[in-house]
Amino acid sequence: MNTLNPYLPFSSKILEVIKHTEKEYTFRMEFKGEVKPGQFFEVSIPKYGEAPISVSGIGENFVDLTIRRVGRVTNEVFERYEGQSLLLRGPYGNGFDVDLYRDCEVVVVAGGTGVSPVRGVIQALSDMPDASDKYVVAGFRSPEDMLFRDDLKAWDSKLNLTLTVDGAPEGYQGNIGLVTKYIEGLPLKEPSKARAVVVGPPPMMKFTIIELKKKGFTDANITVSHERKMCCGLGKCGHCRVNDHYICLDGPVFSYEVAKDFVD
Amino acid sequence: MGYVLNKESFSDLVSALLKDYRIFAPVLKKGAGRFTDVDCVIYDEVKDASEIELEKKSDYASKEFLTPLSETLLYFTEEEVKEADLCEKKVLIFGRSCDLNGLKRLDQIYLDNGLAKDPFYKRRRDLIKPVLIGCGHSYDNCFCVSMDSNRFEEGYAFSVDLIDGEIHSNVLDKEFDSFFKAAAGAKELDVTPRFVTENEVKVEIPDEIPGRIITDDLWDEYTTRCINCGRCNFVCPTCTCYTMQDVFYSDNGRVGERRRVSASCMVDGYTDVAGGGQYRRKNGERMRFKVLHKISDFKKRFGYQMCVGCGRCDDICPEYISFSNIINKVNDAVKKEVNS
Ligand SMILES: Cc1cc2nc3c(=O)[nH]c(=O)nc-3n(C[C@H](O)[C@H](O)[C@H](O)COP(=O)(O)OP(=O)(O)OC[C@H]3O[C@@H](n4cnc5c(N)ncnc54)[C@H](O)[C@@H]3O)c2cc1C
Ligand code: SF4
Ligand code: SF4
Ligand code: FES
C-alpha cells in the first residue's frame, strides 16, 4: 500500500536556493515527472505541517518552488539549505494549457507571489519565435518586493513587459501604480479575440477583470488561478470547495466563464 | 432469511459476533446531552448486547468509526515517515436508514471525488459491514422521506427491529445465517425491516436555486442566532471535512505525528489563508455555504442530494436552529423569485 498512499510524501533534494527578497526564496527541487505551470505541490514538513506551493519553474530534473515565509511551515522551509532535502507530495491541480496562447494576442496580469504560478506561462510566451503580440503586466508592492529580477530583464527584451510597483521611495525611476492602470493602454489589435491570464490577490483579480472586460475581452478568453485554504490537494478535506467546484481538483486554473459564478 | 430472537438469544448472537467482529452501535449515556440532565445517545464500541440502544435515535452519526474526530495518519521518527497501524478485526456498524444512506455520501468524497482514493478511509471502509436498525416510527426533526433516504434495502448484513421486546432480523449477507441459526431460541420467520413512510417534518427543495438566493436576507438571521459551534457538522452523517494537524511530542521534539481532525465549515479558521485572508466571516454566510452544499452544490456535482434528512443537526443545535426550516425558507424565497 505504501507506494499507493497519496498522503505519503517523497524526499526531494534542494538543488539551489535563489533569494529574491528577505522573505521570498525560490527552492529548486529535484523532480522528474510530468508537471505543468500552474500546478502545485504540498510541501510536507514532518511535525510542522503542509503548505500548497505553486510550481514557478520547470526543468528537466527539477521544479522551482517560490516560497514566501509567512508562518509555521514556510518558516521551517527557510531553515533548509542547498544539499538538504524537503518532503513533497504532488503535483496537484490542472495547471495552464500553454498551447492556448500560441497563436493569439495574450495579456498576462500578475501581482506579487501571483507571478509564481504564471512564471512558466510567461517563460513559454517569451520563448515563442514572435512574442511581439504577448503582453505582461507585473505588479509588486514596492521595488524591494520584486521577484524574479533576472527573468524580468530577460522577458523585457523578448515580449512587451510593463513592470509596476504600488509605491516606491522618492527618486524611483520605474512605473508606480496598480496593474489595473496599465490595461487600458495596451495596444491590442483585436481584444475580443485576445486571451488573458490573471493571477494575484482576490481584489487585484477582480479589478483587473473589470478593466479587461471594458477593453473587450470575453469571459471565456480570461483565465484565472485561485487560492484557497487546502489541507489535502486530493478532493477530500473540503476546505477548498467553492460552490460545486474543488479548487484543488478542478483548478486552481479556471476559465473566468466558470469562475465568475464563484461565491465563497 | 428472517429470524425472531428474544433478549437472551440476541445477547447470545452478539457475543458470538464479537469473537469475529468489533461492534459499533448507539449507546445511551446518562446526562451527557445538549443540556446537563438530558441523556445522549452516542456511538461507541460495545462489548455486550445490553449496551446497544435500539429504541432512541442517536444524537451522533454512525460515521465515527470511519471518520474519527481525530485520527493519526502518519508517525514521524528522525529517519522515517510511517503509516499508522489499524486494528484489522472486521467491524459491524449499527445504523438507521439515514445513517446507512449517509455512507454512500462519505464514500463519494473519500473514494470518488478526484482520482485518488483516500487510503486511510478505504482501509476502514473495507473492514465494515452495516447492520440496519429498522425505524418503527419517525423521530423528532426527521425528514428522511422528503430526502428519499427513509429506506435502505440492499447492502446491509442483517437488520434489527425491536418489537415488543423481541428482535426481528432479516439476514441479507449469508455469512450471518450461521450466527443466527446458532443463537439459542432463534425462530425462523419472514421478516421485513420497518421503514417510515411519513414524517411530521417535510421539506421541499427547489430544482434550481438561482444565484440571487446567495445574497438573500434570509441568511442574516443566522449571523446573530448561530454561535458557530460546529456541532451541526460533527453530528451530520454526511459531513466529511477535516483539517491536517502536525504535532511533535513535548518530551522528544524529534518525533511526532500527523493527524486529521474533523473540521466544520461553521467554525472560525475553516477558510483562513496566509496574509490574514478569510472567507465567510459572518455566520449567516457560513450557514448559506453549508445549506447550499447539502441541498444543491453536492447534487450539481454528483447527481443526488447530500442531506439525508436525519434531523440530527436540529436535535443538537444549542440555539434551536432548524435545518428543515431553513430549507423551506429557501424554497419560499426561490418561489417568490421565480414568480416576481
Ligand atoms: C494553490 C495554492 C498555491 C500557492 N502557491 C504559493 C506559492 O507559490 N508561494 C507561496 O509562498 N505561497 C503559496 N500559497 C500560499 C501558501 O500555501 C501559504 O502561505 C502557506 O500554506 C502558509 O503556511 P505556513 O504554515 O507557513 O503558515 P501558517 O503558520 O499556517 O499560517 C499562516 C497563514 O496561512 C494560512 N494557511 C495555513 N495553511 C494553509 C493552506 N494549506 N492553504 C492556504 N493557506 C493556509 C493560515 O490559515 C494562516 O493564516 C499557495 C496556496 C495555494 C492554495
Ligand atoms: S447552526 Fe447551531 S449547531 Fe450549527 S454552528 Fe450554528 S449554533 Fe452551532
Ligand atoms: S444536514 Fe442535518 S438533517 Fe441533513 S444529513 Fe446532516 S445532520 Fe442530517
Ligand atoms: S485541498 Fe482538500 S479538498 Fe481541495
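Order of the sequence lines fixes the chain letters, A, B, ..., with proteins taken first and strands second; residue numbering starts at 1 for each chain.
Between Arg301(B) and Asp250(A) the shortest side-chain heavy-atom distance falls below 4.5 Å. Two residues are said to be in side-chain contact when any heavy atoms from C-beta on lie closer than 4.5 Å; Asp264(A) and Phe289(B) fail this criterion. Side chains of Cys241(B) and Arg241(A) form no contact here, defined as non-hydrogen atoms less than 4.5 Å apart. In this structure the side chain of Tyr7(A) reaches within 4.5 angstrom of the side chain of Asp118(B), judged on heavy atoms. Taking 4.5 Å as the limit, every side-chain heavy atom of Glu227(A) sits out of range of all side-chain heavy atoms of Val273(B). Residues Ile109(B) and Tyr246(A) have side chains in contact (heavy-atom distance under 4.5 Å, counting atoms from C-beta outward).
If you measure heavy-atom distances from Ala263(B) to chain A, the contacts under 4.5 Å come from the side chain alone. There is no contact between Ile209(B) and chain A, counting heavy-atom distances below 4.5 Å. Contacts of Pro201(A) with chain B are absent, with no heavy-atom separation under 4.5 Å from either backbone or side chain.
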- Task: Take Asn5(A) and Phe120(B) through the test side chain to side chain contact (heavy atoms under 4.5 Å, CB included) and record every step on the way to the result.
- Result: CA-CA 8 Å; Asn5(A) 190 333; Phe120(B) 296 107; 3.1 Å; yes
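Of all heavy-atom pairs spanning Pro9(A) and Leu74(B), the tightest one is CD-CD1, 4.5 Å.
Distance CD/Gln278(B) to NZ/Lys229(A): 10.5 Å, rounded to 0.5 Å. From Arg260(B), atom CZ reaches atom SG of Cys231(A) across 11.0 Å, with rounding to the nearest 0.5 Å. Expressed to the nearest 0.5 Å, how far OG of Ser296(B) lies from CG of Asn243(A) amounts to 8.5 Å.
Chain A forms more heavy-atom pairs under 4.5 Å with one residue of Thr240(B), Thr243(B), Val247(B), Thr271(B) than with any other, namely Thr243(B). Contact tally against chain A (heavy-atom pairs below 4.5 Å) for Arg280(B), Met244(B), His293(B): the top residue is His293(B). The greatest number of non-hydrogen atom pairs below 4.5 Å with chain A, out of Tyr270(B), Tyr110(B), Tyr121(B), is found for Tyr270(B). The residue among Thr215(B), Val255(B), Leu115(B) with the most heavy atom pairs within less than 4.5 Å of chain A is Val255(B).
A salt bridge between Arg72(A) and Asp246(B) is absent, with no side-chain N of the basic residue lying under 4.0 Å from a carboxylate O of the acidic one.
Heavy atoms from other residues, nucleotides or ligands lying under 6.0 Å from NZ of Lys329(B) number more than 12. With a 6.0 Å radius and a threshold of 12 heavy atoms from other residues, nucleotides or ligands, Asp126(B) has its CG atom above the threshold.
Put simply, the side chain of Lys236(A) gets close to the backbone of Asn113(B): a donor and an acceptor are under 3.5 Å apart.
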